[in-house]
Q: 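First the structure, then my questions, so here it is.
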Amino acid sequence: MDDTEAEDKFFEVHEIVVPHIGRVPITKGDFHYLPSKVKRWLAFTVEWFRPRCLYICDGSQSEADEIINKLMERGTLTKLKKLENCYLCRTDPKDVARVESKTVIASHDKYTTVPHVREGVKGILGSWMSMEDLNKEMDKRFPGCMAGRTMYVIPFSMGPLGSPLSKIGVEVTDSNYVLLCMRMMTRVSPRIWEILGDKDFVKCLHSVGCPRPVTRKVVNHWPCNPENVLIAHVPEERKVKSYGSGYGGNSLLGKKCFALRIASVIARDEGWMAEHMLIMSITTPKGKEYFVSAAFPSACGKTNLAMLNPNLPGFKIQCVGDDIAWMKFNDKGELYGINPEAGFFGVAPGTNYKTNPNAMLTFQKNSIFTNVAETADGGYYWEGLEDEVDEHIGITDWLGNEWRRGMHSKAAHPNSRFTTPASQCPIIHPKWEDPEGVPISAIIFGGRRPTGVPLVVESFNWEHGVLLGACVKSEATAAAEHVGKNIMHDPMAMRPFMGYNFGHYLQHWLDLEKPGRKMPKIFHVNWFRVDEDGKFLWPGFGDNIRVLDWILKRCDGTVDAIKSPVGYLPKKGDIDLSGLSEPVDWDQLFSLPKHYWMDDTRESRRFLEDQVGQDTPKKMWELLAKQEKEFSSMPGRQISETD
Ligand code: GTP
Ligand code: SPV
Ligand code: MN
């Protein structure tokens, strides 16, 4: 049976009549029930995209089952027999990560979107397109892009349904894989239509760009159009238009496109924050609970930290979110945050029962694994599972080829991911869907910094914390198309996700500090410092609780610290290292090599001059000048307690 016949099975009698097209059947759902704004937008979109039919999603399990069966018939999904209701999806190998080079933001005034960069410098903090160019580009792609396909209409809420902090979106897509993932990653429900009423919503348009009859070769039953990918945002109109890719952040438009790029603009306008941050709760052995949020660039450890299994006795960790935080100061001046998402789209490689048992336990059922390898007995496999999967079992790699351990190629794609409902996480916080959110005591920045950067440092104050965030750098990861081990600036871990001028964003952060507000303390951590042989100096994962413990003590003011030019460092012995399986080299972990930091500070200044220019808040220059001065007047080669 071909796809068209399969779809016909669900044909019902409803239809709409669209100008220039005529009758378009509605195979599921009742068009008349939709708010009139949605109806008008859909009619316009149908005329533009020319789908064969419309399918109005309700997010139900039976809907998911129907789509899963269809995708299995087609060959897009393979059931993983070893698990309950879990599936493997292999994409076209050309469509495996976010495509940052094809991601743009359109606005009437260029400088509302991107900063004034130095002449001749290519800006990396957002890519602007004029409205005219965007319309031209979209006119090349969108007309007729869904010909012969079903247009799925997905009503979704980012944040708990009805929460004052939540926002509503509607995504139309021709990818039913996207529908399955959106069901897990966001809250899809027919109740959205009621909540929405007359109000505005974020309009999300997505097409894989393979109208029928398909003229290009479809690989792995994964239609896409990699040569013509374009992921465009129009914050002024609260719109996302994504074409050509079915993968992750390119196509699950509630995530990076809406909850970060569009939401950062809404947040600026409304006085709150939309950030690339996890939210977690830590209960100390004394029974006191704290919530912290942490921003690390893509594939730098948010999911792992959010679900940490603590290696210090008496601590309890609970997870609120692993990727995005929306935070707002309440009337009492306290910062409260929600996780706008409903699922985890987590990096598979490196995940195992040692590093992240809670993630493992989360995805044992009702999950989709994309671009991982498969074991002969119907289980998953990826780099990092060597000790947990029978070494004699046959393995098929993510490309569908036979694979053996020791082979040069990787079994799973480095950006292979699991998609799984957050509600299944054994340590999901009872308040993870609380409409009020949870109170945030500390904000932590971090990145992959192989040299120079200490395990943890605390900012002098809020303003200085903003500078720490603005100077976040990290080794490139597989989450986007970048390759190699180069260190990239990723300020606030938001470089690929900024919805507006980064200088204005820094100013927005600075402006959040107001009399009467309890500003969270800001820290910077680095789990990834290495020794001369390239070996990690810090065990990471469950041992990161030791650093969190110090951070909380600093929040409570129960432990002193050493003042250094980059912030406060822990005193030797103040991080609990008891029971570590291998000793760590404190001096190496915390040293601040003078010349490294002189260079780094100059480089940070240069970065802001080049990339943010006149839009940089003056405070940043002041703080950098102070830091530079302090390093240059430092007597020794480096700062550590022994100096
Ligand atoms: P995105 O979903 O892309 O935003 O990534 P993320 O920030 O959630 O990163 P994640 O937790 O998925 O970790 C990415 C990779 O870093 C995985 O391969 C982890 O095994 C590895 N990792 C996470 N935490 C640590 C750590 O503390 N130490 C070391 N050495 N590796 C870590
Ligand atoms: C990231 O890259 O930060 C992710 C994956 O969380 S994606 O949803 O593809 O953006
Ligand atoms: Mn992320």
Q: Applying salt bridge (charged side-chain N to carboxylate O under 4.0 Å, His left out), name anything that partners R448, two or more places apart in sequence or on another chain.
A: none
Q: What residues, two or more places apart in sequence or in another chain, satisfy ring pair (Phe, Tyr, Trp, His ring centres under 6.0 Å) together with F344?
A: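 For F344 there are no ring pair (Phe, Tyr, Trp, His ring centres under 6.0 Å) partners, ignoring immediate neighbours.
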Q: Residues in side chain to side chain donor-acceptor pair (under 3.5 Å) with E383, at least two apart?
A: none
Q: Report the relative orientation of the aromatic rings in W462 and F329; use parallel for angles under 30°, tilted for 30 to 60°, perpendicular for over 60°.
A: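 Rings of W462 and F329: perpendicular, over 60°.
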Q: Could you tell me which residues satisfy ring pair (Phe, Tyr, Trp, His ring centres under 6.0 Å) with F258, sequence neighbours excluded, listed by chain and number?
A: F156
Q: Kindly write out the residues that satisfy side chain to side chain donor-acceptor pair (under 3.5 Å) with S581, not counting sequence neighbours, or none if the list is empty.
A: none
Q: So, using ring pair (Phe, Tyr, Trp, His ring centres under 6.0 Å) as the criterion, who are the partners of F541 when residues are at least two apart?
A: none
Q: List the atom of P297, the atom of D490, and the distance in Å for their closest heavy-atom pair.
A: CB-OD2, 3.2 Å
Q: According to side chain to side chain donor-acceptor pair (under 3.5 Å), who are the partners of E270, at least two apart in sequence or on a separate chain?
A: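 E270: side chain to side chain donor-acceptor pair (under 3.5 Å) contacts with K167, W272.
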Q: Under the salt bridge (charged side-chain N to carboxylate O under 4.0 Å, His left out) test, which residues partner D323, sequence neighbours left out?
A: K255, K256, K302
Q: Among residues at least two apart in sequence or on other chains, which ones pass side chain to side chain donor-acceptor pair (under 3.5 Å) with S474?
A: none
Q: Pairs of donor and acceptor atoms involving the side chains of residues 304-321, under 3.5 Å and at least two apart or interchain, shall be tabulated with distances.
A:
residue, atom, partner, partner atom, Å
N311, ND2, D543, OD1, 3.1
N311, ND2, D543, OD2, 3.4

Q: On the 0 to 90° scale, with breaks at 30° and 60°, tag the Y505-W509 ring pair as parallel, tilted or perpendicular.
A: tilted
Q: Restricting to ring pair (Phe, Tyr, Trp, His ring centres under 6.0 Å), what partner residues turn up for W432, sequence neighbours left out?
A: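 W432: no ring pair (Phe, Tyr, Trp, His ring centres under 6.0 Å) contacts found.
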Q: Does K521 have any side chain to side chain contact (heavy atoms under 4.5 Å, CB included) partners at least two apart in sequence or in another chain, and if so, which?
A: E458, F523, C555
